[in-house]
Amino acid sequence: MGNSKTLPIGIFDSGLGGITVLRALYHQLPKESIIYFADTARLPYGNRSPEELIQYVREILTWMEAQGVKMVVMACNTSSAVALDIIRSEFKTPVLGLILPGAKGAVKKGKRIGIIATQATVNSNAYKNAIQEVDPEAEVWQMACPDFVPLIEANRINDPHTKRVARQYLQPLIDKNIDTLVLGCTHYRHLAGVFKSILPNHVVCVDPAEYVVKATEQELELMGWKNTSPPLPTQFAVSGCPEQFAELSHRWLGYTPLVEGVDLEKLIAAAPISAPQQTSSVQPPKFS
Ligand code: DGL
């Protein structure tokens, strides 16, 4: 790639969850330009099959590559758990996922680890396997929390119902006497205050977003792709309603973004994704 330093990093999620990764990127890598894609037309991802998820991620990566990104960060645990390995073998752009950075972060904090995540992430056992690979002595309990994403996307953060739902999901993990809780869906960081009010004080929350951004920085340094000039404004695109995303994301961004609507399915129908590309070019080491 020519002058890769100044090219943007692409990040994507089903919706508002990836903003937690975006904020970590702003904080830790303030010089990077970013393109954020939210697949809001097909949200939530957590109830989708692996086949559907892999196809969605393929479409997003195809669009991202057309935008000229230097790297893609999956700001979505569900995609990372289900599609990362396949997608990496199909695209030449380096792609980072949340699972391994999150697992490495979790084992630094404790030995009795609870995972809260979408149903698809729990079904994949990706976190459980990654944690036990890094630390075979760690004990892991998983809890699928399918109600959280719809509640967060409906902006019902402070609704008493949300707290009741959270208590139901967290209590079985508290009963296991966990010392660490992995927020295994990027949306969940938006409920950090609710979790704090329910969890015993000694339980440490781990947000994999912080760790994937550290891995992104290492990768950029390794490739010599870290940007040194001022970044461009973040570009936002969604597959659903741009106005709705602009309005809802204000709460988490602190500003109202300009959001473009992208019809991925139409784009792909106009230029179908061909057989997976062979990646003969040098692949960077896998951080996640
Ligand atoms: N925020 C995503 C994740 O980290 C997807 C949630 C969803 O759409 O169900 O898994």
Side-chain angles (χ1 to χ4, degrees), residues 10-25 36-57 59-61 72-84 87 95-103 105-106 114-128 130 142-157 162 165-166 169 181-192 195 205-213 215-216 236 238-241 244-245 248-249 251-253 264 288:
I11 77 171
F12 73 88
D13 181 39
S14 60
L16 298 166
I19 292 177
T20 60
V21 179
L22 179 64
R23 289 193 311 207
L25 276 165
Y36 185 104
F37 181 80
D39 199 0
T40 50
R42 301 188 286 201
L43 170 149
Y45 271 13
N47 307 331
R48 301 284 184 177
S49 68
E51 293 72 25
E52 283 176 306
L53 290 164
I54 290 164
Q55 182 56 25
Y56 298 168
V57 177
E59 292 174 9
I60 295 168
L61 260 288
V72 172
V73 179
M74 291 183 168
C76 170
N77 289 270
T78 309
S79 309
S80 307
V82 173
L84 181 63
I87 290 304
V95 184
L96 280 87
L98 287 149
I99 307 294
L100 195 56
I115 313 284
I116 50 172
T118 65
Q119 189 66 58
T121 301
V122 167
N123 291 350
S124 77
N125 281 322
Y127 266 116
K128 193 174 189 326
Q142 306 187 86
M143 178 60 73
C145 309
D147 287 354
F148 280 158
V149 168
L151 286 168
I152 294 162
E153 291 285 335
N155 207 16
R156 292 177 63 185
I157 309 297
T162 303
V165 168
Y169 287 143
L181 180 71
V182 177
L183 308 184
C185 167
T186 51
H187 278 78
Y188 298 174
R189 175 78 183 249
H190 296 318
L191 293 176
F195 299 153
C205 285
V206 170
D207 181 2
E210 287 166 26
Y211 297 93
V212 78
V213 173
T216 305
F236 290 89
V238 296
S239 57
C241 172
Q244 189 184 350
F245 187 83
L248 286 169
S249 61
R251 174 176 191 156
W252 307 113
L253 290 168
L264 277 187
S288 53

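All ligand and atom numbering here is 1-based and tracks the order in the structure. Note that these values count all heavy atoms, side chains included, but never hydrogens, waters or copies made by symmetry.
Residues satisfying the ring-ring contact (aromatic ring centres under 6.0 Å, His included) test with Y169, not counting sequence neighbours, are F148. Every residue two or more places apart in sequence or in another chain that forms a side-chain hydrogen bond (donor to acceptor under 3.5 Å, both in side chains) with T78 is listed here: T118, T121. Under the ring-ring contact (aromatic ring centres under 6.0 Å, His included) criterion, Y127 pairs with no residue at all, not counting sequence neighbours.
Residues Q55 and E59 bring a donor and an acceptor atom of their side chains to less than 3.5 Å of each other.
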When you pair each N or O of ligand 1 with protein N or O atoms, which pairs come out under 3.5 Å?
residue  : atom   : partner : partner atom : Å
ligand 1 : 1 (N)  : D13     : OD1          : 2.9
ligand 1 : 1 (N)  : D13     : OD2          : 3.4
ligand 1 : 1 (N)  : T186    : OG1          : 2.9
ligand 1 : 1 (N)  : H187    : ND1          : 2.8
ligand 1 : 4 (O)  : N77     : N            : 2.8
ligand 1 : 4 (O)  : N77     : ND2          : 3.1
ligand 1 : 4 (O)  : T186    : N            : 2.8
ligand 1 : 4 (O)  : T186    : OG1          : 3.3
ligand 1 : 8 (O)  : S14     : OG           : 2.6
ligand 1 : 8 (O)  : Y45     : N            : 2.7
ligand 1 : 9 (O)  : Y45     : N            : 3.2
ligand 1 : 9 (O)  : G46     : N            : 2.8
ligand 1 : 10 (O) : N77     : N            : 3.4
ligand 1 : 10 (O) : T78     : N            : 3.0
ligand 1 : 10 (O) : T78     : OG1          : 2.5

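In this structure, R42 forms a cation-pi arrangement with Y56, its terminal cationic atom sitting closer than 6.0 Å to the ring centre and no more than 45° off the ring axis.
In this structure, CG in N47 is found 10.0 Å from CG in N123, a value given to the nearest 0.5 Å.
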